[in-house]
Asker: 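My structure is below; once you've seen it, I'll send some questions.
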Amino acid sequence: MKRTEIKKLLERTDFGSLVNVKGWVRTKRGSKNVAFIALNDGSTIKNVQVVVDRNEDNTELLEQVNTGASLSVDGTLLESAGSGQKVEVHATNIELLGKADPNEYPLQPKKHSLEFLREKAHLRFRTNTFSAVARIRHSMIFAIHKFFTEEGFFNIHTPIITASDAEGAGEMFQVSTLDLNDIPKTEDGAVDFKQDFFGKAANLTVSGQLEAELGALALSKVYTFGPTFRAENSNTTRHLAEFWMIEPEVAFCDIYEDMDLAEDMLKYVIQYALDHCMDDLEFLSKRLQDEEKNKKADERSMELIEKLKFVLDKPFERITYTEAINILRNSKPNKKKKFQFPIDGWGADLQSEHERYLVEKHFKKPVILTDYPRDIKAFYMKQNDDGKTVRAMDVLFPQIGEIIGGSQREDDYDKLQQRMIEMDIPQESMWWYLETRKFGSVPHAGFGLGFERLILFLTGMGNIRDVIAFPRTPLNCEF
RNA sequence: UCCUCCUUAGCUCAGUUGGUUAGAGCACCUGACUGUUAAUCAGGGUGUCCUAGGUUCAAGUCCUAGAGGAGGAGCCA
């Protein structure tokens, strides 16, 4: 008999039909004459209840039906006599596909800590929390492609291995086929990369932006959605060494249209989650409330679904760096010296505590900060006429902080070249980037969205290591 | 990389000022129960108190070092 996925089975009303379900046992309970098995196959967060009449023939089998075991169940689809579910399957035949010794299987029908599950990453897909996150993650991948497709964008694959070390987005992982135990050296003692695979030093990409710009300056609207690697020794709840980034790049676009795009995209995918992932969101919402029930009322976060709707309802606040500095300078925490890094002048980068104050206390909604001092931003950002600031924009979200970083790009050849000289960016290896400003240069802009940070916000999870199946962080590459 | 905290049963955690035989819930095992919703009820403790030193009559508890984990900061998405 053909397997029916549990998601589809639970919607059926053709009671009396013979069906087959396959899945993993979540719990088994019951009494002397009847046993109930909660079976889950990952197609939905919901389980199907399998009802088994106990008899001499199935006693031995039911002893092996423990949490974690996998089953194939033939039975009759019936309207449930119990109150917890609409339908259930009355088993006529149960095949044990794979047993799970309860003395060894680590997952019990109870709440486990996320830290514990991180050490059991090969099994954590089987928990409600991680399967919910995985399904939402999939929906967001789809929603992002759908949004950009509907907006007339083309997805391009930018290289994962790159030879340019000038992107300036962070420390890079080196890519080499040289024998690490016998590294060839040049006469002056440096590593002889001429003997390496590419004949030059190569790294894993820290951003697809520069290549995406090349695409945009021909296809007008492009985006990348690929893996990104940063070898920073970052140990936080919002950094990974390997993460996924979405980077749209748009020709004939200024910083304001760039902000519109960022806000539209975020709202589109959040709405998509509300429309398509409600079962999982409701579960995660309950999980979050359960986790926070011991916290004081004012320390609890907003209910998850309410929080998502809240972001959809209002336009994001858009202010310049200079305006932000003025707000922060006159803020209570600054006057009362509550900030660890007091705001005393123009020019310093904002710290996490400042961003959180603006988003969570002052505006109480997402904030887009623009026009940062040029000295704290990358070389490729378009310079404003004031000679001090650049057309950068950061989208700040509650709890997450910076979820998007973007800018209008410098499209003036001379200004870009001048800035590269000032910031010691090697022009020789970037000749191809500069050349796009020499031939048919146009105003263009783009941004980078940290995919896992978006998932963090949507799921209410607290640690970025729990929204990617196999997190890569310093000293962690087990699975 | 810096700062702070944590490590006790398979899991989550309690363990008072250092005090004699190490505790609870869940899981597991045994039994009861005519349909349960993380079923319930009764009984059963399964332990390198992270590791190595040290202080002490006495260390899960105090000190030193190490390992692993978490949170915050920086870097950023």
Side-chain angles (χ1 to χ4, degrees), chain A residues 25-38 46-54 63 66-68 78 80-85 88 90 100-120 127-128 167-171 206-209 226-247 262 290-291 294 339-341 349-353 355-356 376-378 394-397 400-406 447-457 462-466 468 473-476 478:
Chain A
V25 176
R26 284 294 166 77
T27 63
K28 181 185 66 176
R29 51 183 178 264
S31 62
K32 195 177 185 178
N33 301 317
V34 64
F36 302 95
I37 301 164
K46 292 172 181 163
N47 303 324
V48 68
Q49 170 155 286
V50 175
V51 185
V52 191
D53 289 321
R54 287 183 195 270
E63 271 174 20
N66 305 112
T67 300
L78 288 175
S80 180
S83 60
Q85 58 283 317
E88 61 191 20
H90 285 238
D101 184 342
N103 291 313
E104 290 180 56
Y105 186 62
L107 302 183
Q108 301 299 335
K110 59 161 288 189
K111 195 162 190 150
H112 286 100
S113 70
L114 296 171
E115 292 84 358
F116 172 73
L117 293 172
R118 235 169 265 158
E119 290 168 10
K120 304 273 180 281
T127 64
N128 286 330
E167 289 160 356
E171 293 294 314
V206 292
S207 164
Q209 181 202 315
T228 309
F229 307 89
R230 306 261 168 103
E232 301 285 350
N233 191 7
S234 296
N235 295 287
T236 79
T237 54
R238 55 188 190 285
H239 286 88
L240 291 165
E242 176 183 300
F243 64 100
W244 290 73
M245 189 152 66
I246 295 104
E247 295 179 286
D290 201 43
E291 193 165 82
N294 293 328
F339 283 142
Q340 197 189 336
F341 299 93
D349 207 351
L350 299 179
Q351 306 290 322
S352 282
E353 56 179 348
E355 296 179 351
R356 290 188 72 129
I376 59 173
K377 288 290 180 184
D394 285 359
V395 181
L396 309 177
F397 262 37
I400 317 292
E402 187 178 340
I403 196 167
I404 280 179
F447 61 80
L449 166 71
F451 184 60
E452 281 76 15
R453 289 189 181 175
L454 174 68
I455 304 299
L456 217 43
F457 179 75
N463 193 315
I464 202 162
R465 293 161 205 165
D466 298 328
I468 186 168
T473 54
L475 301 176
N476 181 3
E478 179 73 18

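Treat the numbers as computed from the prediction; the structure is a model and nothing was measured. Labels below follow one simple rule: chain letters A, B, ... track the order of the sequence lines, proteins then strands, and each chain is numbered from 1.
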Asker: Take atom NZ in Lys111(A); do more than 12 heavy atoms of anything else shown fall under 6.0 Å from it?
Answerer: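 Yes, enclosed.
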Asker: Round to the nearest Å and state the distance from Asn66(A) atom CG to A38(B) atom P.
Answerer: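 Atom-to-atom, Asn66(A) to A38(B), this comes out as 19 Å.
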Asker: Kindly indicate whether the side chain of Asn66(A), heavy atoms from C-beta on, has any atom under 4.5 Å from the side chain of Val25(A).
Answerer: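 No. Closest side-chain heavy atoms not under 4.5 Å.
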Asker: Taking the same atom, P, in C26(B) and in A65(B), what whole-Å distance lies between them?
Answerer: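 These two P atoms come out 41 Å apart once rounded.
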Asker: To the side chain of Phe116(A), which of G35(B), U34(B), U12(B) is closest?
Answerer: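 Looking only at heavy atoms from C-beta outward on Phe116(A), the closest nucleotide is U12(B).
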Asker: Roughly how far apart are Ile468(A) CD1 and Thr473(A) OG1, rounded to 0.5 Å?
Answerer: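 Rounded to the nearest 0.5 Å, the CD1-OG1 separation comes out at 10.5 Å.
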Asker: Counting only side-chain nitrogens and oxygens, does Ser113(A) get under 4.0 Å of the OP1 or OP2 atom of U12(B)?
Answerer: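 Looking at the OP1 and OP2 atoms of U12(B), one of them is under 4.0 Å from a side-chain N or O of Ser113(A).
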Asker: Mind checking the C1' distance from A58(B) to G19(B)? Whole angstroms is fine.
Answerer: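 So the two C1' atoms sit 7 Å from each other.
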Asker: Give me the atom names and distance for the closest heavy-atom approach of Val206(A) to Met245(A).
Answerer: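 Where Val206(A) meets Met245(A) most closely, the heavy atoms are O-CE, 3.9 Å.
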Asker: Report the distance from atom CZ of Phe447(A) to atom CD1 of Ile404(A), rounding to the nearest 0.5 Å.
Answerer: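 Reported to 0.5 Å precision, the distance equals 4.5 Å.
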Asker: What are the two closest heavy atoms between Gly462(A) and Leu456(A), and how far apart are they?
Answerer: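 For Gly462(A) versus Leu456(A), the nearest heavy atoms are C-CD1, 4.2 Å.
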Asker: For Asn476(A) and for Phe451(A), locate the closest nucleotide of RNA chain B by heavy-atom distance; then report the residue assigned to the nucleotide nearer the 5' terminus.
Answerer: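 This one resolves to Asn476(A).
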Asker: If we take the C1' atom in both G23(B) and C49(B), what is their distance in whole Å?
Answerer: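 Pairwise C1' distance, G23(B) against C49(B), rounds to 12 Å.
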Asker: Distance from Thr236(A) atom OG1 to Asn463(A) atom CG, nearest 0.5 Å?
Answerer: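 Rounded to the nearest 0.5 Å, the OG1-CG separation comes out at 8.0 Å.
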Asker: So if I define the base as every atom that isn't primed, P, OP1 or OP2, how would nucleotides 41-49 of chain B read as a B/S/- string at a heavy-atom cutoff under 4.0 Å?
Answerer: ---------
Asker: Grab the CD-C1' distance between Glu355(A) and A77(B) for me, whole Å please.
Answerer: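 Taking CD of Glu355(A) and C1' of A77(B), I get 12 Å after rounding.
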Asker: Please report the distance separating the C1' of A70(B) from the corresponding atom of G31(B), rounded so that it comes out in whole Å.
Answerer: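 Result for the C1' pair: 43 Å, nearest Å.
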Asker: Once you round it to whole Å, what is the distance between P of A32(B) and CG of Asn33(A)?
Answerer: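 To the nearest whole Å, that distance equals 12 Å.
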Asker: Send over the distance from Ile468(A) CD1 to A77(B) P, rounded to a whole Å.
Answerer: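 Result: 17 Å.
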Asker: Rounded to the nearest 0.5 Å, what separates atom CG in Asp349(A) from atom CD in Glu355(A)?
Answerer: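 Rounded to the nearest 0.5 Å, the CG-CD separation comes out at 7.5 Å.
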Asker: Between G66(B) and U1(B), how far is it from one P atom to the other, in whole Å?
Answerer: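 It comes out at 14 Å once rounded to the nearest Å.
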Asker: Between C1' on G35(B) and CZ on Phe36(A), what's the gap in Å once rounded to a whole number?
Answerer: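 For the pair Phe36(A) CZ and G35(B) C1', the rounded distance is 4 Å.
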Asker: How many whole angstroms separate atom CD of Glu171(A) from atom P of U1(B)?
Answerer: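 To the nearest whole Å, that distance equals 12 Å.
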Asker: At under 4.0 Å between heavy atoms, what does Gly405(A) touch on the DNA or RNA strands: base, sugar-phosphate, or nothing?
Answerer: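 Sugar-phosphate, backbone atoms only, no base.
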Asker: With a non-hydrogen cut-off below 4.0 angstrom, is Glu88(A) in contact with a base, only sugar-phosphate, or nothing?
Answerer: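 Here Glu88(A) touches the bases of the nucleic acid.
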Asker: So, under a plain 3.5 Å distance rule, would you say the side chain of Gln85(A) forms a donor-acceptor pair with the base of U36(B)?
Answerer: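 Such a pair is found, so the answer is yes.
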Asker: Say you draw a straight line from CG of Asn128(A) to CG of Asn47(A); how long is it, rounded to the nearest 0.5 Å?
Answerer: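 Those atoms lie 6.5 Å apart.
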Asker: Does Pro102(A) reach a base, just sugar-phosphate, or nothing at all? Heavy atoms under 4.0 Å.
Answerer: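 Sugar-phosphate, backbone atoms only, no base.
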Asker: Using a 4.0 Å heavy-atom cut-off across all strands, classify Gly30(A) as base, sugar-phosphate, or nothing.
Answerer: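 Base contact.
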Asker: Tell whether Arg230(A) reaches the base of A77(B) with its side chain through a donor-acceptor pair below 3.5 angstrom.
Answerer: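 Indeed, a donor on one side and an acceptor on the other fall under 3.5 Å apart.
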Asker: Would you measure the distance from the C1' atom in C63(B) across to the matching atom in U46(B) and give it in whole Å?
Answerer: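 Result for the C1' pair: 33 Å, nearest Å.
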Asker: Provide the distance between the two C1' atoms, one in G43(B) and one in C33(B), to the nearest whole Å.
Answerer: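 Each nucleotide's C1' atom is 16 Å from the other's.
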Asker: How close do Ser207(A) and Glu247(A) get, counting heavy atoms only, and between which atoms?
Answerer: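 Looking at all heavy atoms of both residues, the shortest contact is OG-OE2, 2.9 Å.
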Asker: What's the shortest heavy-atom distance between Arg118(A) and Asp466(A), and which atoms?
Answerer: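 Nearest pair, atom of Arg118(A) first, then Asp466(A): NH2-OD2, 2.7 Å.
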Asker: Rounded to whole angstrom units, what separation is found between the NZ atom of Lys111(A) and the C1' atom of C11(B)?
Answerer: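 It works out to 14 Å between those atoms.
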Asker: In whole Å, I'd like the distance from the CG atom of Asp290(A) to the P atom of U12(B).
Answerer: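 Spelled out: CG on Asp290(A) to P on U12(B) is 16 Å.
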Asker: With respect to the side chain of Thr27(A), which nucleotide from A27(B), G35(B), A38(B) is positioned closest?
Answerer: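 Nearest to the side-chain atoms of Thr27(A), counting from C-beta on, is A38(B).
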Asker: Once you apply a heavy-atom cut-off of 4.0 Å, does Ile404(A) come out as touching a base, just sugar-phosphate, or nothing?
Answerer: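 Answer is sugar-phosphate: Ile404(A) comes under 4.0 Å of backbone atoms only.
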Asker: Using a cutoff of under 3.5 Å, can you pull out all pairs of nitrogen or oxygen atoms linking the protein to nucleotides 70-73 of chain B, with atom names and distances?
Answerer:
{"unit_1": "A70(B)", "atom_1": "OP1", "unit_2": "Arg118(A)", "atom_2": "NH1", "d": "2.9"}
{"unit_1": "A70(B)", "atom_1": "OP1", "unit_2": "Arg465(A)", "atom_2": "NH1", "d": "3.2"}
{"unit_1": "G71(B)", "atom_1": "OP1", "unit_2": "Asn463(A)", "atom_2": "ND2", "d": "2.7"}
{"unit_1": "G71(B)", "atom_1": "OP2", "unit_2": "Asn463(A)", "atom_2": "ND2", "d": "3.2"}
{"unit_1": "G72(B)", "atom_1": "OP2", "unit_2": "Thr237(A)", "atom_2": "OG1", "d": "3.3"}
{"unit_1": "A73(B)", "atom_1": "OP2", "unit_2": "Arg238(A)", "atom_2": "NH1", "d": "3.4"}

Asker: Please give me the minimum heavy-atom distance between Asp394(A) and Gly406(A), naming the atom from each residue.
Answerer: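 That closest heavy-atom pairing would be OD1-N, 4.2 Å.
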Asker: Starting at the 5' end of RNA chain B, what dot-bracket string do you get if Watson-Crick and G-U pairs under 3.5 Å are bracketed, crossing pairs use [ ], other-strand pairs use | and unpaired bases use dots?
Answerer: (((((((..((((.....[...))))((((((.......))))).)...(((((..]....))))))))))))....
Asker: How long is the span from the CG atom in Leu78(A) to the CD atom in Gln49(A), to the nearest 0.5 Å?
Answerer: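 Going from the CG atom of Leu78(A) to the CD atom of Gln49(A) covers 11.5 Å.
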Asker: If I compare all heavy atoms of Phe341(A) with all of Gln351(A), which pair ends up nearest, and what's the gap?
Answerer: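 Closest heavy-atom pair between Phe341(A) and Gln351(A): CD1-CG, 3.6 Å.
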Asker: Expressed as a whole number of Å, how far does the C1' atom of G45(B) sit from that of U30(B)?
Answerer: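 Straight-line distance between the two C1' atoms is 14 Å.
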Asker: Can you identify which nucleotide, out of A27(B), U34(B), G69(B), has its nearest atom closest to the Glu119(A) side chain?
Answerer: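 Closest nucleotide among those given: G69(B).
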